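The structure appears below as structure tokens.
Just so it is clear, the model here is predicted, and its values are computed rather than measured. We count ligands from 1, going down the list as the structure has it; atoms in each ligand are counted the same way.
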Amino acid sequence: MRPGLTLRAVPDPQALAMLAADLIAAQVRAKPELTMLVATGSTPMPTYAELGNRVQAGTLDLSRVTVVGLDEYLGLEPDDPRSLWDWTLRSVIGPLRIRRSVRFGASGDPGRACAEYDAQIAALGGIDLAILGLGPNGHLGFNEPPSAADAPTRVADLTPESLVSNRAYWGQDVPRRALTAGMTVILAARCALLLVSGEHKRGILHRVLEGPPTPEVPASLLGGPGVSVLADRAALGPEDAQPVSARLDSGPDGAS
Ligand code: PGA
């Protein structure tokens, strides 16, 4: 495996959600005013549901956390149900009782929306924790291949793979362009959890884990002490799916 990457192998999506929620909760206990970048997509949904259960049960308080949306389709009408921000509202902000958030502005000027987004993140002192999914083509947010480490927050053209995988969320086509947090924003996060689940991610996950880092697989540019890849047995293949206890080699905050 690539040096500088921590892999936490879990048996299944439910175990992945429990471990991710444990790691996020530990980070919030250490810093209640955490700034958290959150992906949509199917993989992190059980994690958000588990966090919601804990908030509901009163064992976790996220009320001082600021949530930052990762990306948004370009050109949707304000009430379009395919909005990724609306998905974030439904799956994260509402159930987790989040009070502060940063999103891409809906003004007609995408360049200005990107500049304002970056400025708001900078004013918060950067991203403390990024919750990320792995695109079937290795993308992070809509940093489609090729995206280098210095790719800024910008308007991106979606690749055919992303158009197909995103169509599956809505049962219809999605816009071909989107606003995305830059690789600059994502790679500057103090901690990042890359959540990976399912056999269909096995090939791309192995390119992330084994390297070499390349803009052709933007997620392979993740690395460093704050980055953990949480992957289930289906994504890793049987030989890599050791019990999580055999893999944990760090403290409880996930910043191994
Ligand atoms: P998924 O999407 O979690 O629905 O697999 C990941 C992504 O495309 O970033």
Return the closest protein heavy atom for atom 3 (O) of ligand 1 as residue, atom name and distance. T43 OG1, 2.5 Å
CG on L221 to CG on L140, rounded to 0.5 Å: 8.0 Å
If we only count N/O pairs under 3.5 Å, is T40 in contact with ligand 1? no
Relative to the heavy atoms of G41, which atoms of ligand 1 are at a distance of less than 4.0 Å? 3 (O), 4 (O)
Indicate, with yes or no, if M36 and M45 share a hydrophobic cluster defined by side-chain heavy-atom contacts under 4.5 Å among Ile, Leu, Val, Met, Phe, Trp and Tyr. yes
Among all protein heavy atoms, pick out the one at the shortest distance from atom 9 (O) of ligand 1; state its residue, atom name and that distance to 0.1 Å. H139 NE2, 3.0 Å
Any Q56 side-chain heavy atom under 4.5 Å of P95 side chain: no
Which ligand 1 atoms are under 4.0 Å away from a heavy-atom of Y169? 1 (P), 2 (O), 4 (O)
Around atom CD of E77, are there more than 12 heavy atoms of other residues, nucleotides or ligands at under 6.0 Å? no
How does L134 reach ligand 1, by side chain, by backbone, by both or by neither, if only non-hydrogen atoms under 4.0 Å count? backbone
Give me the ring orientation class for Y117 and F104: parallel if the planes are under 30° apart, tilted from 30 to 60°, perpendicular past 60°. parallel
Atoms in ligand 1 with a heavy atom of G135 nearer than 4.0 Å: 7 (C), 8 (O), 9 (O)
Taking CZ in R99 as the centre, count heavy atoms belonging to other residues, nucleotides or ligands within less than 6.0 Å. Is the count above 12? no
If I apply the N/O under 3.5 Å rule, does K201 come out as touching ligand 1? yes
